[in-house]
Amino acid sequence: QREGGFGRSVLADPYAKPEEALIPDTDACLRIVTHALMHGTDEAAKVMNKDGLGHAAAQKTCLQYLQKRVGVPRDMSYPAARQLRAHLGWLMEQI
């Protein structure tokens with residue numbers, strides 16, 4: 001336990017190492033999610049190139065990892081986190 005009686009989050013993963021080969025595809029996925037957040041999922045679906053996203057199963061795993069670990073209020077507000085998680089889920093359904 002840390003100071004103040006709070007323990008580490010069950011989902012905390014301070015020793016996680018990125019899979020270097022997935023970085024370009026993960027970057028593309030996060031850009032699609034950003035586009036969807038800013039312009040809506042219909043617009044994001046129009047510009048999304050599913051063929052350009054390799055490693056679909058691995059990308060879903062990466063997106064789930066992020067979806068589960070967005071910290072509220074550390075990373076963002078609760079409403080913003082809900083939107084991010086929803087849009088990550090939308091993209092996982094698309095790929």
Side-chain angles (χ1 to χ4, degrees):
Q1 284 197 352
R2 292 186 286 176
E3 213 174 293
F6 295 104
R8 173 171 279 156
S9 169
V10 177
L11 295 176
D13 197 357
Y15 303 108
K17 300 212 184 300
E19 181 64 48
E20 300 287 331
L22 298 177
I23 290 175
D25 289 334
T26 302
D27 179 68
C29 285
L30 294 176
R31 288 172 187 269
I32 293 166
V33 168
T34 301
H35 191 86
L37 283 163
M38 294 175 66
H39 304 287
T41 55
D42 290 339
E43 287 299 314
K46 289 178 190 175
V47 299
M48 182 170 50
N49 177 5
K50 292 180 190 175
D51 295 332
L53 296 176
H55 311 99
Q59 287 309 314
K60 287 182 183 180
T61 301
C62 290
L63 295 172
Q64 286 173 334
Y65 183 90
L66 177 59
Q67 188 182 45
K68 291 178 181 177
R69 286 168 176 79
V70 171
V72 174
R74 183 196 67 212
D75 296 325
M76 59 184 61
S77 68
Y78 179 68
R82 285 187 67 189
Q83 285 297 310
L84 176 60
R85 289 179 184 129
H87 284 78
L88 289 167
W90 166 81
L91 183 57
M92 284 185 272
E93 291 174 1
Q94 305 303 307
I95 55 177

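Rounded to the nearest 0.5 Å, atoms SG (Cys62) and CG (Asp27) are 12.0 Å apart. Taking CZ of Arg31 as the start and SG of Cys29 as the end, the distance is 11.5 Å to the nearest 0.5 Å. Rounded to the nearest 0.5 angstrom, Glu20 CD and Leu22 CG are separated by 9.5 Å. Rounded to the nearest 0.5 angstrom, Leu37 CG and Ile32 CD1 are separated by 12.0 Å. Between the NE2 atom of His87 and the CG atom of Leu63 there is a distance of 13.5 Å, given to the nearest 0.5 Å. Taking CG of Leu30 as the reference point, atom CG of Leu88 lies at 7.0 Å (rounded to 0.5 Å).
Shown here for Lys60 and Met92, the closest heavy-atom pair between the two residues is CE-O, 3.1 Å. Shortest non-hydrogen contact noted between Gln59 and Asp25 is NE2-CB, 3.1 Å.
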side-chain contact (heavy atoms from CB on, under 4.5 Å) assessment of Val72 paired with Arg85: CA-CA 12 Å; Val72 174; Arg85 289 179 184 129; 4.1 Å; yes
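For Glu43, the salt bridge (charged side-chain N to carboxylate O under 4.0 Å, His left out) partners are Lys46, not counting sequence neighbours.
A 4.5 Å side-chain heavy-atom check between Glu19 and Thr61 finds every atom pair outside the cut-off. The shortest side-chain heavy-atom distance between Thr26 and Leu66 does not fall under the 4.5 Å cut-off.
Trp90 and Met76 fall within the same hydrophobic cluster, defined by Ile, Leu, Val, Met, Phe, Trp and Tyr side-chain heavy atoms under 4.5 Å apart, directly or through other members.
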